[in-house]
There are 2 protein chains.
Amino acid sequence: MIKPLPKSSKNSLSVREKTYSLLKKQILTGQFPPKKKLTEESLAKKFGVSRTPVRDALHKLELEGLVKVAGARGFCVPEDSVEDMSEIFEIRAVLEGHALACVCKIITDKDIQSLKELVQSAEQAFFRGKLEHIFDYNTRFHDLLYGMLVSQKPRLFSIIEDMREYVLRYRKNTLTHPKGIRRSISGHKKILMALELRDPQLCERIMRNHIYEAKEDTILYSK
Amino acid sequence: MIKPLPKSSKNSLSVREKTYSLLKKQILTGQFPPKKKLTEESLAKKFGVSRTPVRDALHKLELEGLVKVAGARGFCVPEDSVEDMSEIFEIRAVLEGHALACVCKIITDKDIQSLKELVQSAEQAFFRGKLEHIFDYNTRFHDLLYGMLVSQKPRLFSIIEDMREYVLRYRKNTLTHPKGIRRSISGHKKILMALELRDPQLCERIMRNHIYEAKEDTILYSK
DNA sequence: GGCAAAAACATTGTATCCAAAAATATTATA
DNA sequence: TATAATATTTTTGGATACAATGTTTTTGCC
């Protein structure tokens, strides 16, 4: 017998969702000069949609801190601020420290192996001078790591994702500096070690430290 | 000479903001049965506004986890789930632990004194059997504590606020049980002690523990 | 009566409209 | 010319209209 159909999962994104992710991407890749006012009308024209989905997107992005209200009216991309970035990294350190402690309780040997391979690939890319690949390996390392949390701790996962996304644009600078790369790779090795020991407290400490290092480097190299 | 005017700060809330907080309040006080579909139209009629601000409010509340998409269409208040609540408390433990460590670096003796008075008031209310006041003292204790963070760590503050708000409805039960109250008050005393010592790491440990206790009690007494 | 197709209905998504508010330009006056 | 009052334009907030898409009910067939 044929089953009663998988309930037609909607595969086409709504205009709102498309507008939202497009706008977000453009903001994260620095397409809008900070402080410049974003008007609904012009964005709507740019994306070929009406003001409604643009408004929705702007409001959602405001909650994420990617745009903020400009004076009494309208939105703009906020200026980069060290304090702001610092705070985000601090929150990340605390949350991801906890997340790694959770992960170490459920991770399999196989997953650890995959992570190891990613670190090795990053290291090889570094030695071969392929600095532009390192950012990707880095991202995949973290994605694989936290992907294990999605089902058990969906909220923790999504807050972490938001925060990482937010600082992504700054990180791109850091991870082209040899010193930043070396620190990052050695940090990942320590993480692997802590995971292999399945020691939650150690995991937490190591991850916190890893992110504090990332914070330092990001502040250093974004100037 | 008269100054060029303080730029007329808007004091009247927009319809959207009013709708949002009204709906939120009603959800948090359990006015909508879980799983029942919330339709924009009916809410709009109920609040005497159009669908637009209701839609905005629903989308915002979705991000906070106070409503979730129901099937392919519309929203509903999610059912209480122990896993969900547990996760929130865990995140709170981690974030508020960090927050207290931050607070202990900037808190004044005067603020510590105010906190002490709040704890004493709560204790007296407990001895006098005024259980219904304890919840308020509790809230004021936390408000005063984290209020010190607003300017320096606005994001940390607002995440913590969201999480606390989210579990508020469950806490109300807990804090009418004598055992829960006793644990809560003794937790606050420990927090004060750690603050007086200005020991960040101790602060973090104590606060984490305090919130884990709250989690246990909440799960226990909400059944 | 039970099931499937289709029609009717309900509800959301998107666009547009209008009014209120703010920013900007213009004019009058000193 | 500088400033203040006022008119004009821009832009947003909120309501409404309409289209698209689910959902439910009805109807016809076996």
Side-chain angles (χ1 to χ4, degrees), chain A residues 1-24 27 32-63 66-78, chain B residues 1-24 27 32-63 66-78:
Chain A
M1 263 294 154
I2 303 292
K3 278 191 279 182
L5 276 180
K7 199 72 176 173
S8 90
S9 61
K10 89 190 278 187
N11 39 14
S12 68
L13 289 169
S14 66
V15 176
R16 170 172 349 135
E17 289 165 308
K18 277 188 286 187
T19 305
Y20 164 75
S21 27
L22 192 57
L23 182 54
K24 181 170 184 171
I27 290 173
F32 300 100
K35 289 274 142 189
K36 192 188 158 203
K37 228 170 95 173
L38 301 173
T39 75
E40 295 175 2
E41 192 61 40
S42 61
L43 290 172
K45 193 169 288 173
K46 186 170 181 172
F47 296 143
V49 299
S50 83
R51 270 178 55 211
T52 310
V54 173
R55 270 172 54 107
D56 289 347
L58 284 171
H59 282 123
K60 198 165 169 189
L61 291 167
E62 188 201 358
L63 294 177
L66 287 174
V67 303
K68 64 171 195 188
V69 290
R73 221 171 178 82
F75 294 99
C76 67
V77 177
Chain B
M1 262 296 154
I2 303 292
K3 278 190 281 181
L5 279 181
K7 200 72 179 172
S8 90
S9 60
K10 88 190 278 187
N11 39 13
S12 67
L13 289 171
S14 66
V15 176
R16 169 171 351 131
E17 289 165 310
K18 278 187 285 188
T19 306
Y20 164 75
S21 28
L22 192 57
L23 182 54
K24 181 170 185 172
I27 291 173
F32 300 100
K35 289 272 142 190
K36 193 189 156 202
K37 227 169 93 174
L38 301 173
T39 74
E40 295 175 2
E41 191 63 38
S42 62
L43 291 172
K45 193 169 287 173
K46 185 170 182 174
F47 297 143
V49 300
S50 84
R51 270 177 55 210
T52 310
V54 173
R55 272 174 53 100
D56 288 348
L58 284 170
H59 282 121
K60 197 166 169 188
L61 291 167
E62 189 201 356
L63 293 178
L66 287 174
V67 303
K68 65 171 194 187
V69 290
R73 225 173 175 82
F75 294 98
C76 68
V77 177

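The sequence lines fix the lettering, A, B, ..., with proteins before strands; numbering per chain opens at 1.
Counting only heavy atoms from C-beta on, B:Arg55 has its side chain closest to C:dT14 among C:dT14, D:dG14, C:dA15. The nucleotide whose nearest atom lies closest to any side-chain atom of B:Pro53 is, among C:dT14, C:dT11, D:dG14, D:dG14. Nearest nucleotide to the B:Arg73 side chain, out of D:dT21, D:dG14, C:dT14: D:dT21. Each of D:dT11, C:dA15, D:dG14 was ranked by its minimum atom distance to the side chain of B:Ser14; first place goes to D:dG14. Comparing atom distances between the B:Thr39 side chain and each of C:dA15, C:dT12, D:dG14 picks out C:dT12 as nearest.
Atom CG in A:Asp56 sits about 14 Å away from atom P in D:dT12, given to the nearest Å. B:Lys36 places its NZ atom 11 Å from the P atom of C:dT11, with the value rounded to the nearest Å. The CG-C1' distance, from B:Leu38 to C:dA10, rounds to 16 Å in whole Å. Rounded to a whole Å, the CZ atom of A:Phe75 is 7 Å from the P atom of D:dG13. The distance from atom NE2 of B:His59 to atom P of C:dT14 is 9 Å, rounded to the nearest whole Å.
You'll find the side chain of B:Leu13 stays beyond 4.5 Å of the side chain of B:Tyr20, heavy atoms only. Counting heavy atoms from C-beta outward, A:Thr19 and A:Asp56 have side chains that stay 4.5 Å or more apart. Using a 4.5 Å heavy-atom cutoff, the side chains of A:Phe47 and A:Val15 are not in contact. In this structure, A:Val54 and A:Lys46 have side chains that are not in contact, with every pair of non-hydrogen atoms separated by 4.5 Å or more.
For the pair A:Ala70 and A:Arg51, both in contact range of DNA chain C, the more 5′-proximal nearest nucleotide belongs to A:Arg51.
Taking side-chain N and O atoms only, A:Thr52 has no distance below 4.0 Å to OP1 or OP2 of C:dT14.
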